[in-house]
*Asks:* 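The structure under discussion is supplied below as structure tokens; questions concerning it will follow.
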Amino acid sequence: MLRRQFVRENPETVRDAVERKGVTGVDVDEILEIDEEWRELKSRGDGLRHERNEVSSDIGELKQAGKEEEAQAAIERSQELKAELQRVEERADELEDELEQRLLEVPNVPHESVPTGEDESDNVERYREGFDDLRVDPADVTPHYDIGEELDILDFERGAKVSGGGFQFVKGDGAKLERALIQFFLDVHEKQDYVEVAPPIPVNSASMRGTGQLPKFAADAYRVSARQADDYDDDDLWLLPTAEVPVTNMYRDEILLDDDLPVKHQAFSPNFRREAGEHGTETRGYVRVHQFNKVELVNFVRPENSYDRLEALLGEAEEVLGRLGLPYRVLDMCTGDMGFTQAKKYDIEVWAPGDDMDDGPDVGGRWLEVSSVSNFEDFQARRAGLRYRPERHESAEYLHTLNGSGVAVPRVMVAIMEYYQNDDGTVTVPEALQSYMDGQEVIEGHEPIGESAVGAGDKE
RNA sequence: GGUGGGAUAGCGAAGUGGCCCAACGCGCCUGCCUUGAGAGCAGGUGUCCUCACGGACCCCUGGGUUCAAAUCCCAGUCCCACCGCCA
């Protein structure tokens with residue numbers, strides 16, 4: 001959330017941010033009008049209340065002095081003031097609520113270094129890593145959803161049966177590989193001074209508002225014990241769409257000590273996203289699902305350090321891909337593609353050679369976003385009441401929050417299943433993961449189970 | 001789930017209708033004093049409106065009673081203790 005004062009004083013900047021981020025339904029002029037009217041009523045209400053306070057204290061004195069008649073007249077005057085005050089303040093409260101609602105829907109202002117652009121085609125590629133000596137030719141690679149089925153380590157049909165489309169079973173060596181990845185990520189980040197937290201999975205509406213999921217993106221999250229369209233209040237629960245929500249809100253409405261900063265937390269959790277209308281050939285398989293695992297990195301820092309920290313956080317997130325030997329690239333996200341809450345954002349995209357897509361690299365294959373690394377400046381901190389007390393100032397200030405995925409597990413699974421695929425249809429376990437797999441070097445798969453396997457000719 | 005206790009400024013803590021524009025202590029900031037530090041003394045230390053003067057608000061949240069609420073009433077949230085149930 002932006003400061004009211006900031007919006008008042010920089011309407012052009014705010015209008016510009018709304019437009020460049022492609023946010024609809026926000027009318028800055030209307031917000032300014034509401035603010036203007038509210039301030040007028042506020043000052044009238046203050047005046048009335050001041051008068052009432054004076055009359056009220058007179059009543060006390062008059063009664064003490066035994067001047068009953070005058071006291072009675074003052075009481076009547078006070079009642080008149082009360083009625084008028086109520087009228088003025090009711091309207092002022094309405095306007096303030098409205099103002100607050102509107103401000104929650106105003107996006108964060110992009111940092112000056114962010115490239116202007118409309119959509120993903122305007123993002124700027126900063127660099128690529130790991131493309132010098134590729135171990136596969138994309139022409140020979142089987143997509144992960146096919147090889148996952150052949151090895152019987154990914155099962156989307158049974159996931160859909162048990163929970164619905166977009167849910168899956170990961171089985172046998174696949175499940176083991178996924179667990180190894182999680183453990184590996186956590187270990188790498190622990191050495192980068194991250195303190196791990198295991199967060200609650202359901203989070204309340206106040207938390208969702210703190211990180212910026214609510215009110216604008218209610219339709220993207222799963223609700224607990226309520227219908228999707230039902231009204232919600234602060235205490236209602238949602239399934240976390242990312243561990244960013246519980247972890248960023250962990251210190252909500254608190255004041256941290258200057259010495260505490262920077263605070264670096266990592267959290268492993270499943271993530272739940274409705275992903276309405278996002279299904280199609282581009283998202284086939286383990287690429288865009290309703291439930292997936294992720295290790296999330298969250299930083300709380302002093303405002304003056306946040307951009308240095310953003311660069312360092314990018315390095316921390318990409319380290320896991322480097323150690324897995326997976327080729328990837330880093331994008332500087334443009335204004336139109338960066339999202340509502342971010343002031344600046346980098347995306348890390350891993351190379352998945354299995355499906356050849358138009359917007360993939362020249363060698364073939366496709367890019368898969370596995371991490372986005374963002375600086376929110378004080379946007380989340382203001383919504384969530386996250387403050388710290390600088391050493392030489394008397395009052396608390398909003399700190400800056402950053403986060404980065406470290407990283408989304410399923411898409412790394414996809415990249416491994418495709419990039420580390422062998423000619424015989426097996427998958428080599430990346431060296432960095434072998435110690436997490438009891439030394440296992442190759443995934444050879446499992447015999448499918450059930451009569452459907454016989455029908456498909458996979459089993460006798 | 002039950003019973004009881006609690007929530008007051010950055011922290012600790014007093015305050016049971018008008019003398020509370022919330023005592024006191026600690027921390028922090030500014031000034032005085034000092035060669036410097038410390039001690040001491042004075043002022044300050046949340047939010048909002050106002051160019052300013054100044055004013056309004058803030059005692060967990062939301063309602064209510066009253067001319068007047070930190071204080072009384074109702075509902076809720078969270079914390080603590082004990083009891084019950086439970087992996």
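Each chain gets a letter, A, B and so on, in the order the sequences are listed, and its residues count up from 1.
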*Asks:* Are side-chain N/O atoms of Tyr286(A) and Glu178(A) paired as donor and acceptor at under 3.5 Å?
*Replies:* yes
*Asks:* Of all residues at least two apart in sequence or in a different chain, which pass the ring-ring contact (aromatic ring centres under 6.0 Å, His included) check with Phe340(A)?
*Replies:* Phe217(A), Phe379(A)
*Asks:* For atom C1', what is the distance between rG55(B) and rG62(B), given to the nearest Å?
*Replies:* 26 Å
*Asks:* Is there a side-chain contact between Leu181(A) and Ile416(A) in this structure, where contact means two heavy atoms from C-beta onward sitting under 4.5 Å apart?
*Replies:* yes
*Asks:* For the residue pair Thr211(A) and Glu244(A), confirm or rule out a side-chain donor-acceptor distance under 3.5 Å.
*Replies:*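 Note: Thr211(A) and Glu244(A) side chains miss the donor-acceptor criterion.
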*Asks:* Distance between the P atoms of rC60(B) and rG12(B), in whole angstroms?
*Replies:*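 That atom pair is separated by 14 Å.
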*Asks:* Once rounded to the nearest 0.5 Å, what's the spacing between atom CG of Leu95(A) and atom CZ of Arg91(A)?
*Replies:*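 Nearest 0.5 Å value for the CG-CZ distance: 4.0 Å.
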*Asks:* Suppose you measure atom C1' in rG2(B) against the same atom in rG10(B); what distance do you get, rounded to whole Å?
*Replies:* 37 Å
*Asks:* Output all residues satisfying salt bridge (Lys or Arg N to Asp or Glu O under 4.0 Å) with Arg15(A), sequence neighbours left out; order by chain, then residue number.
*Replies:*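 For Arg15(A), the residues satisfying salt bridge (Lys or Arg N to Asp or Glu O under 4.0 Å) (neighbours in sequence not counted) are Glu12(A), Asp29(A).
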*Asks:* Within this structure, what is the CD-CD distance for the pair Gln434(A) and Glu441(A), rounded to the nearest 0.5 Å?
*Replies:*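 The CD atom of Gln434(A) sits 5.0 Å away from the CD atom of Glu441(A).
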*Asks:* Would you check if the side chain of Asn403(A) reaches a backbone N or O of Glu296(A) as a donor-acceptor pair within less than 3.5 Å?
*Replies:*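 Such a contact is absent between Asn403(A) side chain and Glu296(A) backbone.
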*Asks:* Please state the C1' separation for the pair rU47(B) and rC58(B) - nearest whole angstrom.
*Replies:* 7 Å
*Asks:* Nucleotide by nucleotide, 5' to 3', does protein get under 4.0 Å of the base (B), only the sugar-phosphate (S), or neither (-) in nucleotides 69-79 of chain B, counting heavy atoms?
*Replies:* -----------
*Asks:* Which nucleotides of nucleotides 49-55 of chain B have their base under 4.0 Å from a protein heavy atom (B), which only their sugar-phosphate (S), and which neither (-), written as one string 5' to 3'?
*Replies:* SS----B
*Asks:* Classify the angle between the aromatic ring planes of His290(A) and Phe167(A) as parallel (below 30°), tilted (30 to 60°) or perpendicular (above 60°).
*Replies:* tilted
*Asks:* P atom, rC19(B) versus rU71(B): distance in rounded Å?
*Replies:*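 Roughly 14 Å separates the two P atoms.
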*Asks:* Please identify which of these residues, Asp332(A), Asp347(A), Asp337(A), meets the side-chain contact (heavy atoms from CB on, under 4.5 Å) condition with Asn123(A).
*Replies:* Asp337(A)
*Asks:* What pairs with Tyr251(A) under ring-ring contact (aromatic ring centres under 6.0 Å, His included), at least two apart in sequence or on another chain?
*Replies:*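 Counting only residues at least two positions away or on another chain, Tyr251(A) forms a ring-ring contact (aromatic ring centres under 6.0 Å, His included) with His265(A), Phe300(A).
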*Asks:* Give me each pair satisfying side chain to side chain donor-acceptor pair (under 3.5 Å) with a member in residues 162-172 of chain A, each pair once, sequence neighbours excluded.
*Replies:* Asp152(A)-Lys171(A)
*Asks:* Using atom P of each nucleotide, how far apart are rG6(B) and rG15(B) to the nearest Å?
*Replies:* 12 Å
*Asks:* So, using salt bridge (Lys or Arg N to Asp or Glu O under 4.0 Å) as the criterion, who are the partners of Arg8(A) when residues are at least two apart?
*Replies:* Asp35(A)
*Asks:* Measuring only the P atom in each nucleotide, how far is rC26(B) from rC72(B)? A whole number of Å is fine.
*Replies:*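 One P to the other, the span is 30 Å.
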*Asks:* Atom CD of Glu70(A) and atom C1' of rC67(B): how far apart are they, to the nearest Å?
*Replies:* 15 Å
*Asks:* Mind checking the P distance from rA13(B) to rU8(B)? Whole angstroms is fine.
*Replies:*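 Those two atoms are separated by 8 Å.
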*Asks:* Arg252(A): what forms a side chain to side chain donor-acceptor pair (under 3.5 Å) with it, not counting sequence neighbours?
*Replies:*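 Applying side chain to side chain donor-acceptor pair (under 3.5 Å) to Arg252(A) gives Ser207(A), Asn249(A).
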*Asks:* Between rU61(B) atom P and Asp253(A) atom CG, what is the distance in whole Å?
*Replies:*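 Between P of rU61(B) and CG of Asp253(A): 12 Å.
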*Asks:* Of all the base pairs, Watson-Crick or G-U under 3.5 Å, which form stems of three or more consecutive pairs involving RNA chain B?
*Replies:*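 When the pairs of RNA chain B are grouped into runs of at least three, the stems are B:1-7 with B:77-83, B:10-12 with B:24-26, B:27-32 with B:40-45, B:46-49 with B:54-57, B:60-64 with B:72-76.
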*Asks:* Run the side chain to side chain donor-acceptor pair (under 3.5 Å) test against Arg44(A) and tell me which residues pass, sequence neighbours left out.
*Replies:* none
*Asks:* Examine distances only and state if a side-chain atom of Arg383(A) and a backbone atom of Arg209(A) form a donor-acceptor pair shorter than 3.5 Å.
*Replies:*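 Yes: the side chain of Arg383(A) pairs with the backbone of Arg209(A).
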*Asks:* Name every residue in residues 75-104 of chain A that has at least one heavy atom under 4.0 Å from any atom of RNA chain B, in order of residue number, or write none if there are no such residues.
*Replies:* Ile75(A), Ser78(A), Gln79(A), Lys82(A)
*Asks:* Collect all protein-nucleotide pairs involving nucleotides 8-12 of chain B in which both atoms are nitrogen or oxygen and the distance is under 3.5 Å.
*Replies:*
| unit_1 | atom_1 | unit_2 | atom_2 | d |
| --- | --- | --- | --- | --- |
| rG10(B) | O4' | Arg389(A) | NH2 | 2.6 |

